[in-house]
2 protein chains.
Amino acid sequence: MANIQEVAQKAGVSVATVSRVLNNNSTVSPSTRLKVENAIKELNYEPSMLGRNLRNSESRLLLVLIPSISNPFYTEIINGIQNTAIAHQYNILLCETNSNPERENIYFNMVKNKLADGVISMDPTVNMQKLIELAENHSIILCSEYDESNVIPYVSIDNEMAAYHAVKHLIKIGNEKIALINSDEKFLYARQRRSGYERALAEFNLPLRKEWIYNTTQLDFQDGVQAMRMLLKLKEKPSAIFAVSDTLAIGALKEMNASGLKAPDDIAVVGFDNISFSNMTNPTLTTVAQPMYKMGCTAATMLINSIHENKAESILLDHELIIRESTMG
Amino acid sequence: MANIQEVAQKAGVSVATVSRVLNNNSTVSPSTRLKVENAIKELNYEPSMLGRNLRNSESRLLLVLIPSISNPFYTEIINGIQNTAIAHQYNILLCETNSNPERENIYFNMVKNKLADGVISMDPTVNMQKLIELAENHSIILCSEYDESNVIPYVSIDNEMAAYHAVKHLIKIGNEKIALINSDEKFLYARQRRSGYERALAEFNLPLRKEWIYNTTQLDFQDGVQAMRMLLKLKEKPSAIFAVSDTLAIGALKEMNASGLKAPDDIAVVGFDNISFSNMTNPTLTTVAQPMYKMGCTAATMLINSIHENKAESILLDHELIIRESTMG
DNA sequence: ATTTGTTTTGTAATCGATTACATGACTATA
DNA sequence: TATAGTCATGTAATCGATTACAAAACAAAT
């Protein structure tokens, strides 16, 4: 790869002039410009981001932290982020942390080292303290999972309200014995959704039974299968289930199938996220849709604003209950 | 962020000494080392990758090009790549191209500019000519989709043989009218799988009928739905279907469900890839498994070798037919 | 021909690290 | 005490760009 020196030499000008042509901000005479452009073409030259970034302290790269790409929930959000970023001449790099603090650190360092201009974190397992520290000197936005202290701006939905709506729907169609398949309640969203579940039950004077709340460690299909297996072992079985993730709900449906049970007749099921697969199951899955694409766009816009010194305001977007076969008679 | 100068000043030494402590390769007296380490801690200093990379022409970052993260096929491969990379002190950045040449270009430039040390491309829509050009001066490995010219080393499976096995399985369980749901045949893997399909039919003297071959433009669930819808409209319907991707096969199963048809009794279905969903459908899906994790590990190992000047040899890994309910009576 | 003003181009410092080479400090030996 | 040898540290060039400032080139006006 040729560098700016060689281009300058070939064109018979100084490096400053080459740089001026490159950034076409300052005045260069048409004839010189032509010479330089020819030299660039002949040498197949492309400016080094490294040199440029070092000088400019800007990389126009945004980091997107996700725990795992295997969760389809992130797909549409990332699309929104990417399209918005590109519209502002930024690019994104996807960083899969696998909830591993060391990997997290590597990505944090990229920001500290000016290899990236900002971060959108969607990782609920992120080390929030470190992130807040990083946010003192860098632009960070939380997406989906957030921190109640509101030190770092976030975009999310009202999880409590969304869960409340989902459970109320199950009650409205005649269910009184409603179970909750929740994830680990160390996550804010899990606590919020549980709270919405409890509020709906309380409002209709329905019993809140410990054995109808099952907490999983992960969000894989298999965790849903396992959860349902436990619930089906109970003496008094629930007549409906609210799962805080479609992957869990789909696992639950699978286990029902295996036991010869049908949704919604035997047990009605509601999921959360509206991943694309939720429309492919049999029966199709009722679920709470988050405006994922919009969330991505919003997060990216907030981040880019924040990089350009306009502080960002946290925002909660609307959710929507999508009723499908798993709760329709 | 403090820089190396400030650390040097605070510790009362030269920048060279600080650098020596950082890279602990050269001799530094214990007392000086301590002073420097204290200064580093006090200033919360972390070395700038930008400065370091510029000087060393090394970033220890690997780029992984995928067309879209929404295809679950890539999940396990990426895991393999990531684990192998980390074991060699490399990190990976996921680059979603969305089959967009401009985005592709951005990532190619990162390599040219030493922002990344190498590339693993899994994008079948990649501009192969540009990639070959890039490969002249940089380390590139193809994974899954490859180029027959073998200019760029690749790791993949024997697609023709895999398809042949899948179709032979359908024949063995008694099917004579076998349809193919293929993707766009501009892709090598699509042509190879079709060829395996044809070979199996020919071997058993079964008819090869044009109307039983359906080509989709994408690999989404919906494309599978669409394909099945067309096949069910035919006067002479197939009794079995081989789809070149699980997503297509799942869409096909969905459409069968909607039409009240059951697999395998009405139509048997075989997919390809063994994505995690394929075990969650009803019925569960028979599919050809690629050794995805191993493919990822192999690709990463090849790339890292290639970066360190050992040239890599292309390799084909073994596939495996996983028989599930969609072909089991 | 000289002055003034404008346009174009070049020189050199800078960003933050690494490292070859030079130099200084110290030790051991005669 | 002088000398060689070893170990520790500093000086300055370097990677590839950008840009403030200086200088040169040119044009227009007197």
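Naming: A, B, ... by sequence-line order, numbering from 1 per chain. It should be emphasised that the depicted structure is a prediction, and the values quoted were computed from it without experimental measurement.
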- Query: Can A:D123 and A:S121 be said to form a side-chain hydrogen bond (donor to acceptor under 3.5 Å, both in side chains), step by step?
  - Reply: CA-CA 6 Å; A:D123 187 353; A:S121 169; 5.9 Å; no
- Query: B:M295 versus B:C143: any side-chain heavy-atom pair under 4.5 Å?
  - Reply: yes
Expressed as a whole number of angstroms, how long is the span from [X]:[atom1] to [N]:[atom2]?
X      : N      : atom1 : atom2 : value
A:K114 : D:dA17 : NZ    : C1'   : 15 Å
B:N23  : C:dT19 : CG    : C1'   : 10 Å
A:R52  : C:dG16 : CZ    : C1'   : 18 Å
B:E58  : C:dG16 : CD    : P     : 21 Å
B:R55  : D:dT14 : CZ    : P     : 9 Å
A:L115 : C:dG16 : CG    : P     : 13 Å
A:E6   : D:dC15 : CD    : P     : 10 Å
A:N53  : D:dT18 : CG    : C1'   : 12 Å

- Query: Got more than 12 heavy atoms from elsewhere within 6.0 Å of NZ, A:K112?
  - Reply: yes
- Nucleotide of C:dG16, C:dT19, D:dA17 approaching B:N3 most closely (side-chain heavy atoms): C:dG16
- Identify whether the distance between the nearest side-chain nitrogen and carboxylate oxygen of A:K35 and A:E37 falls below 4.0 Å. no
- Carboxylate-amine/guanidinium proximity below 4.0 Å for B:E42 and B:K10: yes
- Show the numbers, then the answer: is there a side-chain hydrogen bond (donor to acceptor under 3.5 Å, both in side chains) between A:Y74 and A:S68? CA-CA 9 Å; A:Y74 298 108; A:S68 155; over 6 Å; no
- Message: I'd like to know if the side chain of A:Q89 and the backbone of A:R60 have a donor-acceptor N/O pair within less than 3.5 Å.
- Response: no
- Message: Heavy atoms only, 4.0 Å cut-off, all strands: where does B:L54 land among base, sugar-phosphate and nothing?
- Response: base
- Just to confirm, is there a sub-4.0 Å distance from OP1 or OP2 of D:dT18 to any side-chain nitrogen or oxygen of A:S19? yes
- Any chance you could list the contact pattern along nucleotides 4-12 of chain C? Use B for base contacts, S for sugar-phosphate-only contacts and - for none, protein heavy atoms under 4.0 Å, 5' to 3'. ----BBBB-
